[in-house]
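Reviewing the structure listed below.
The chains referred to below are lettered A, B, ... by the order of the sequence lines, with proteins before strands, and numbering in each begins at 1.
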There are 2 protein chains.
Amino acid sequence: MSMRQACEATGLSADTLRYYEKIGLLTRVPRSAGGARRYDRRTLEQIRFIQRAKAMRFTLEEIRDLLRFRESPQTSREEVRALARRKQALIREQIEQMAHLEKELQLLLNLCTRSNCGCPILEGLDNKGGGYGS
Amino acid sequence: MSMRQACEATGLSADTLRYYEKIGLLTRVPRSAGGARRYDRRTLEQIRFIQRAKAMRFTLEEIRDLLRFRESPQTSREEVRALARRKQALIREQIEQMAHLEKELQLLLNLCTRSNCGCPILEGLDNKGGGYGS
DNA sequence: CTAGAAGCTGGAGCCGACTCCAGGTCAAGC
DNA sequence: GCTTGACCTGGAGTCGGCTCCAGCTTCTAG
């Protein structure tokens, strides 16, 4: 499978595929006699794996680790599990924080439809007691 | 109030404060005869405003707009409201997506405690049907 | 055999939000 | 007068994840 076909098959750009290879995400990508990449089933599966892991908010660095673990699954179950748990905890934390902000914004917007002098949103950002940290 | 004191009062670094000024977030920061910044009440309020808006996930560019709106509140209520609504929608969307991922991860982790051959997380990333988009 | 498309490489540029640095200025204390 | 420390400026570097580019080579169709 040519570069072009791989791009069509995955929806990624040639630059992205070459970038993934450059940073060591894709390993052992076969070449034609002239040096062009020939994507085989193995590499395509790696690419799909990367795309799914990205959708799960793993960073490229984490995905590189996951792909390594994938090469020797029996020795690495615990590590994979730990990575997944860390990611889950992070996501939970972010959800919680964002749910809080969403409520806050809703509150300001509600005020906004009622008040008819001043702007409660700007005032909310002016006055709020403590702040949430960064 | 000196730079040092402003840093202590806000928890921001001198570089960050100078950066905020450079990109036009902080305007009309007064100077001493020698050219040193003298943070007054007005500027400090701007800084607090920025910190709260950042906590609400507004970007620095959006905050710059909010600060401008803040200068002429009566003419800009609708714009502020629109900005807040867009931000809220974005946050909701992200919460939804992350809640989905969180569930997905939980599922894989549950499988993981049960199965005793192979790694369900890696396999989950291998096999999943569609993918979630980017 | 040749034109044009597709691919290659190494390296630079982009985004947002800083962070760091060199080299210069200024104010206060000894 | 000299050191020390806070501050100044403009500009470069950082991070992650690409994206774009110039200047080649290789492949494919006519």
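Between B:Ile47 and B:Leu25 the shortest side-chain heavy-atom distance does not fall below 4.5 Å. Contact annotation: the side chain of B:Glu79 approaches that of B:Phe69 to within less than 4.5 Å [non-hydrogen atoms, C-beta and beyond]. Put simply, the side chain of B:Glu104 reaches to within 4.5 Å of the side chain of B:Leu107, judged on heavy atoms. Taking 4.5 Å as the limit, every side-chain heavy atom of A:Met1 sits out of range of all side-chain heavy atoms of A:Asp40. B:Tyr20 has its side chain out of reach of B:Arg18: every pair of non-hydrogen atoms, C-beta onward, lies at least 4.5 Å apart.
For the helix from C:dC1-D:dG30 to C:dC30-D:dG1, the terminal axes (five pairs an end, C1' atoms, rotation from four pairs onto the next four) enclose an angle of 30°, given to 10 degrees.
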For this session: Show your reasoning for whether side chain to side chain contact (heavy atoms under 4.5 Å, CB included) applies to B:Arg38 and B:Thr43.
Result: CA-CA 9 Å; B:Arg38 293 293 132 199; B:Thr43 313; over 6 Å; no
For this session: Could you go through the side chain to side chain contact (heavy atoms under 4.5 Å, CB included) check for B:Gln46 and B:Thr27 one step at a time?
Result: CA-CA 9 Å; B:Gln46 284 190 347; B:Thr27 53; 3.7 Å; yes
Problem set entry | Trace of the side chain to side chain contact (heavy atoms under 4.5 Å, CB included) decision for A:Ile91 with A:Arg86 | CA-CA 9 Å; A:Ile91 289 176; A:Arg86 274 202 300 283; over 6 Å; no
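For B:Arg31, the CZ atom is densely surrounded, since the number of other residues' heavy atoms within 6.0 Å is greater than 12.
The nearest heavy atom of DNA chain D to A:Ser13 and to A:Ser32 marks one nucleotide each, and the one closer to the 5' end goes with A:Ser13.
Remark: A:Arg42 does not engage A:Glu45 in a salt bridge, criterion side-chain N to carboxylate O under 4.0 Å.
Listed by first and then second residue, the salt bridge (charged side-chain N to carboxylate O under 4.0 Å, His left out) pairs that reach into residues 88-101 of chain B are A:Glu102-B:Arg92, sequence neighbours excluded. Pairs passing the salt bridge (charged side-chain N to carboxylate O under 4.0 Å, His left out) check and including a residue from residues 57-67 of chain B, sequence neighbours excluded, read B:Glu62-B:Lys87.
Per the geometry, CD1 belonging to A:Ile50 stands 13 Å off C1' belonging to D:dG17, to the nearest Å. Spacing between atom CD of A:Glu21 and atom P of D:dG17 amounts to 18 Å, rounded to whole angstrom units.
For D:dC18, the OP1/OP2 oxygens have a side-chain nitrogen or oxygen of A:Lys54 closer than 4.0 Å. For A:Thr16, a side-chain nitrogen or oxygen approaches OP1 or OP2 of D:dT19 to under 4.0 Å. For B:Ser2, a side-chain nitrogen or oxygen approaches OP1 or OP2 of D:dC7 to under 4.0 Å.
Taking the 5' to 3' direction, DNA chain C first and last meets chain A under 4.0 angstrom from a heavy atom at C:dA6 to C:dG11.
Rounding to the nearest 0.5 Å gives a distance of 8.0 Å between NE2 of B:His100 and NZ of B:Lys103.
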Could you go over nucleotides 13-15 of chain D and give all protein N or O partners under 3.5 Å, atom names and distances?
none

Pairs: protein N or O with nucleotides 8-11 of chain D N or O, under 3.5 Å:
| residue | atom | partner | partner atom | Å |
| --- | --- | --- | --- | --- |
| D:dC8 | OP1 | B:Arg37 | N | 2.6 |
| D:dC8 | OP1 | B:Arg37 | NH1 | 2.9 |
| D:dC8 | OP2 | B:Arg18 | NH1 | 2.7 |
| D:dC8 | OP2 | B:Arg37 | NH1 | 3.3 |
| D:dC8 | O5' | B:Arg37 | NH1 | 3.3 |
| D:dT9 | OP1 | B:Arg31 | NH1 | 3.2 |
| D:dT9 | OP2 | B:Arg37 | NH1 | 3.0 |
| D:dT9 | OP2 | B:Arg37 | NH2 | 2.7 |

